[in-house]
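Whatever order the structure lists them in is the order used to number ligands and atoms, beginning at 1.
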Amino acid sequence: MSSSAISIQGLTKNYGDFAAVDGINLEVSYGEIFAILGPNGAGKTTTVEILEGYRDRDGGKVTVLGEDPGNLGEKTYSWRERIGIVLQSTSDSEDLSVRETIHHFARYYSHPKDPESVIALTGLSEKADARVHTLSGGQRRRLDVALGIIGSPELLFLDEPTTGFDPEARRAFWDLIRTLRKEGTTILLTTHYLDEAEALADRVAVIVAGKILEISSPETLGNRHLAQARITWLEGGQQRELLSNNPTGEVATIAARMGGEIPELQVIRPSLEDIYLTMIGEDR
Ligand code: ATP
């Protein structure tokens with residue numbers, strides 16, 4: 001049995017002559033939050049759906065919670081119970097209330113979470129008695145998340161989970177994900193929000209055209225930690241700028257020269273988004 005929650009070796013998937021997934025290798029440890037980043041059409045959803053057992057692969061070895069999702073046989077039910085999936089959009093039981101829907105789904109699992117605590121965790125308490133079809137887009141998404149976690153999954157797949165969330169709901173969602181991590185849930189996340197990957201992920205993989213460009217922590221992706229900081233400030237009535245590997249020392253020097261306060265001082269390091277855009281730009 002694999003010691004990783006997810007193990008992918010040499011995964012390939014073709015649509016006709018087109019290689020949507022072109023030899024991916026990837027290990028996700030138990031308890032890790034792992035984000036897959038990549039532009040539209042990179043192969044993220046294809047990869048994730050193969051891991052979820054919803055798509056066949058053409059080549060490579062895959063295990064998810066120790067099983068091959070393409071060959072589950074009689075283990076299908078017990079394996080499905082151990083994973084949670086939040087798809088990009090779902091639409092069922094629109095006429096039930098939020099509370100009824102969550103209670104209903106809880107009955108599918110042997111060890112569900114308490115539905116009332118899931119309603120609270122996902123910020124749906126005020127809407128618990130509302131019909132699902134009356135929810136806003138962001139509230140609907142929270143319900144999707146609630147249904148993804150109701151079965152106490154060991155492994156949770158989140159496909160662009162916060163699309164349509166307002167900023168406050170996103171922060172609340174991030175707190176929820178951190179709570180799940182503390183409980184030991186392994187999480188595979190796809191997102192187009194780089195700040196989300198940075199806030200949540202232990203490691204990220206950047207996929208472009210079916211291939212992995214790099215796997216690393218958000219802090220070290222594309223040697224971001226080694227990139228120079230840009231220091232800008234106002235001196236002698238002029239905007240000044242310099243690049244430095246030692247911004248603290250530079251700022252101290254400038255402060256000494258200017259006798260203390262440095263007007264309009266900014267020290268800027270490249271964001272994960274800057275690094276990511278450079279990486280995928282170079283590959284195109
Ligand atoms: P997005 O960020 O837009 O969701 P993605 O990285 O998830 O993109 P995929 O949905 O995995 O990308 O698609 C990868 C490529 O495979 C795309 O070029 C897509 O058009 C193609 N593709 C996906 N599904 C099929 C299919 N059933 N038949 C043919 N081509 C497909």
Side-chain angles (χ1 to χ4, degrees), residues 5-28 32-64 68-70 83-91 137-138 140-142 144-145 147-148 155-165 170 173-174 177 186-201 203-216 218 221-222 271-284:
I6 297 173
S7 173
I8 305 176
Q9 288 161 26
L11 177 64
T12 58
K13 174 71 184 179
N14 305 312
Y15 297 112
D17 291 341
F18 174 69
V21 178
D22 195 6
I24 281 182
N25 300 305
L26 184 61
E27 303 284 325
V28 177
E32 187 172 30
I33 300 184
F34 194 98
I36 298 184
L37 310 176
N40 292 137
K44 303 180 297 293
T45 304
T46 302
T47 302
V48 170
E49 288 186 357
I50 289 168
L51 299 176
E52 293 167 347
Y54 288 135
R55 236 181 255 217
D56 294 331
R57 61 185 187 265
D58 290 316
K61 275 183 69 177
V62 176
T63 58
V64 175
D68 178 347
I83 67 171
I85 298 179
V86 179
L87 297 169
Q88 280 189 24
S89 66
T90 49
S91 58
R140 179 68 232 216
R141 206 75 195 103
R142 294 193 215 179
D144 293 337
V145 173
L147 300 181
L155 169 62
L156 181 62
F157 291 99
L158 295 170
D159 197 1
E160 299 182 25
T162 60
T163 303
F165 279 29
R170 286 183 79 211
F173 173 79
W174 293 356
I177 296 304
T186 307
I187 296 170
L188 186 74
L189 166 76
T190 65
T191 182
H192 288 292
Y193 297 120
L194 279 290
D195 60 339
E196 184 156 287
E198 177 142 39
L200 296 178
R203 290 189 302 147
V204 300
V206 177
I207 300 187
V208 177
K211 291 193 166 76
I212 292 186
L213 288 190
E214 188 175 336
I215 300 175
S216 79
L221 192 79
S271 68
L272 184 60
E273 185 156 303
D274 295 333
I275 295 290
Y276 167 78
L277 289 173
T278 306
M279 283 178 77
I280 65 169
E282 276 170 5
D283 200 76
R284 286 171 159 195

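A side-chain donor-acceptor contact under 3.5 Å links S7 and E27.
Residue A42 has at least one heavy-atom neighbour below 4.0 Å for each of these atoms of ligand 1: 5 (P), 6 (O), 12 (O). Within the listing of ligand 1, atoms 2 (O) sit less than 4.0 angstrom from a heavy atom of H192. Atoms of ligand 1 found under 4.0 Å from any heavy atom of R55, numbered from 1 in the order shown, are 23 (C), 24 (N). Every atom of ligand 1 with a heavy atom of K44 under 4.0 Å away is listed here by number and element: 1 (P), 2 (O), 5 (P), 6 (O), 7 (O), 8 (O), 11 (O), 12 (O).
Put simply, the side chain of T162 never gets that close to the backbone of R170: no donor and acceptor are under 3.5 Å apart. The main-chain N or O of L221 is never found under 3.5 Å from a side-chain atom of E214 such that the two would form a donor-acceptor pair. Put simply, the side chain of R141 gets close to the backbone of E160: a donor and an acceptor are under 3.5 Å apart.
In this structure, G16 falls outside the shell of residues with a heavy atom less than 4.0 angstrom from ligand 1.
Contact check for T191 versus L37: side-chain heavy atoms found under the 4.5 Å cut-off.
Inclusion of T46 in the set of residues having an N or O under 3.5 Å from an N or O of ligand 1 is warranted. Residue F18 has no N or O atom closer than 3.5 Å to an N or O atom of ligand 1. Inclusion of G38 in the set of residues having an N or O under 3.5 Å from an N or O of ligand 1 is not warranted.
Closest of all the heavy-atom pairs between I207 and P39 is O-CD, 3.5 Å.
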